[in-house]
Colleague: 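Right, I'll just put the structure down here and ask away after.
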Amino acid sequence: MSKAAYWQRGDTIDYINTGTDVIEANTILVLGSRIGVAGTDILPGEKGSIHVTGVYEVPKDGAEISAGSDVYYSESDGSFSANGAEGNVRAGFAVQDAAAGGSSVFVKINA
C-alpha cells in the first residue's frame with residue numbers, strides 16, 4: 001500500500017520564479033493545463049506563493065460568457081473567453097453572466 005505525507009493545504013502552492021523579471025502580485029501564470037495567480041511579488045530566483053483556487057475577476061474578450069460556462073485563458077493576449085481553441089488553457093468556469101462588450105468575467109479557477 002502507498003503512503004502519502006501531508007505537504008500543504010493546497011489553496012496556494014509554492015512557485016519558484018525561474019525567470020529574470022519580477023512576477024508581480026496578481027499575475028496569471030500557466031501551470032501546464034491549469035492556471036495560478038501570484039499572491040505576492042516573486043523576485044527572480046525566489047520562491048513565492050500562487051493561488052490555485054478561488055474566484056477572480058479577470059479580463060475577457062468582447063464575447064458574452066454565460067454563468068457555468070467553461071472559461072479559457074489565452075496566454076498570447078492575456079484575455080479569458082469561452083473559446084477552447086488550441087493553445088488556450090482551461091481556467092475554470094464563469095460564476096456570473098458576463099455581457100458581450102464587457103471587460104471582465106468572474107471565474108472560479110481550476111474547477
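Because the structure is predicted, anything quoted here is derived from the model rather than measured. Note: hydrogens, waters and symmetry copies are ignored here, and every other heavy atom, side chains too, is used. When a residue number appears, it is its place in the shown sequence, counting from 1.
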Colleague: Between S79 and D61, what is the shortest heavy-atom contact and its length?
Modeller: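 What the structure gives for the nearest pair is CB-N, 4.1 Å.
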Colleague: Per the ring-ring contact (aromatic ring centres under 6.0 Å, His included) rule, what does the pair list look like for residues 78-101, sequence neighbours excluded?
Modeller: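 Listed by first then second residue: Y73-F80.
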Colleague: Checking A67 now: which residues fulfil side chain to side chain contact (heavy atoms under 4.5 Å, CB included) with it, not counting sequence neighbours?
Modeller: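 For A67, the residues satisfying side chain to side chain contact (heavy atoms under 4.5 Å, CB included) (neighbours in sequence not counted) are D97.
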Colleague: Are W7 and I13 close enough that some pair of their side-chain heavy atoms sits under 4.5 Å apart?
Modeller: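 The answer is no; the side chains never approach within 4.5 Å.
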Colleague: For H51 and T12, work out which heavy atoms get closest and say how close.
Modeller: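 Where H51 meets T12 most closely, the heavy atoms are ND1-CG2, 3.2 Å.
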Colleague: By side chain to side chain contact (heavy atoms under 4.5 Å, CB included), which residues pair with S104, not counting sequence neighbours?
Modeller: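 If we apply the side chain to side chain contact (heavy atoms under 4.5 Å, CB included) test to S104, skipping adjacent residues, the hits are E57.
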Colleague: Would the distance check show the side chain of N88 and the main-chain N or O of N83 forming a donor-acceptor pair, the cut-off being under 3.5 Å?
Modeller: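 Judged by distance alone, yes, a pair lies under 3.5 Å.
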Colleague: Does K60 reach the main-chain N or O of A82 with its side chain, forming a donor-acceptor pair under 3.5 Å?
Modeller: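 Flag not set: sc K60 to bb A82 has no pair under 3.5 Å.
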Colleague: What pair of heavy atoms forms the shortest contact from Y72 to R90, and how long is it?
Modeller: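 That closest heavy-atom pairing would be CD2-CA, 3.4 Å.
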Colleague: Can you hop from I28 to Y15 via hydrophobic side chains spaced under 4.5 Å?
Modeller: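 No; tracing contacts between hydrophobic side chains, which count when under 4.5 Å, never links both residues.
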Colleague: Given side chain to side chain contact (heavy atoms under 4.5 Å, CB included), test E75 with V89 step by step and report yes or no.
Modeller: CA-CA 8 Å; E75 195 169 19; V89 177; 5.9 Å; no
Colleague: Identify each donor-acceptor pair in which a side-chain atom of residues 38-49 lies under 3.5 Å from a protein atom, sequence neighbours left out, and give them as a table.
Modeller:
{"unit_1": "D41", "atom_1": "OD1", "unit_2": "A25", "atom_2": "N", "d": "2.8"}

Colleague: Which pair of non-hydrogen atoms, one from T27 and one from E24, has the smallest distance, and what is that distance?
Modeller: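 The pair with the smallest heavy-atom distance is OG1-O, 2.6 Å.
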Colleague: Starting from M1 and following side-chain heavy-atom contacts under 4.5 Å between hydrophobic residues (I, L, V, M, F, W, Y), which residues can be reached?
Modeller: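 In the cluster with M1 there is nothing else; it is isolated.
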Colleague: In this structure, would V30 and I23 fall into the same cluster of hydrophobic residues linked by side-chain contacts under 4.5 Å?
Modeller: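 Hydrophobic grouping puts V30 apart from I23.
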Colleague: Is atom CD of Q8 surrounded by more than 12 heavy atoms (other residues, nucleotides or ligands) closer than 6.0 Å?
Modeller: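 More than 12 within 6.0 Å, yes.
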Colleague: How far apart are the C-alpha atoms of V52 and R34, what are their side-chain angles, what is the distance that settles it, and do they pass the side chain to side chain contact (heavy atoms under 4.5 Å, CB included) test?
Modeller: CA-CA 8 Å; V52 291; R34 308 250 186 253; over 6 Å; no
Colleague: Checking side-chain contact (heavy atoms from CB on, under 4.5 Å) between N110 and each of I35, T53, L31, which is the one that passes?
Modeller: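 Single side-chain contact (heavy atoms from CB on, under 4.5 Å) partner of N110 among I35, T53, L31: I35.
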Colleague: According to ring-ring contact (aromatic ring centres under 6.0 Å, His included), does anything in residues 19-42 pair up with another residue at least two apart or in another chain? List the pairs.
Modeller: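 Applying ring-ring contact (aromatic ring centres under 6.0 Å, His included) to every pair that reaches into residues 19-42, excluding sequence neighbours, yields nothing.
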Colleague: To the nearest 0.5 Å, what is the distance between CG (L29) and CD1 (I50)?
Modeller: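 Separation between the atoms: 5.5 Å.
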Colleague: Treating Ile, Leu, Val, Met, Phe, Trp and Tyr as nodes and any side-chain heavy-atom pair under 4.5 angstrom as an edge, say whether Y56 and F106 lie in one connected cluster.
Modeller: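 No, it is not one cluster - the side chains of Y56 and F106 are not joined through contacts under 4.5 Å.
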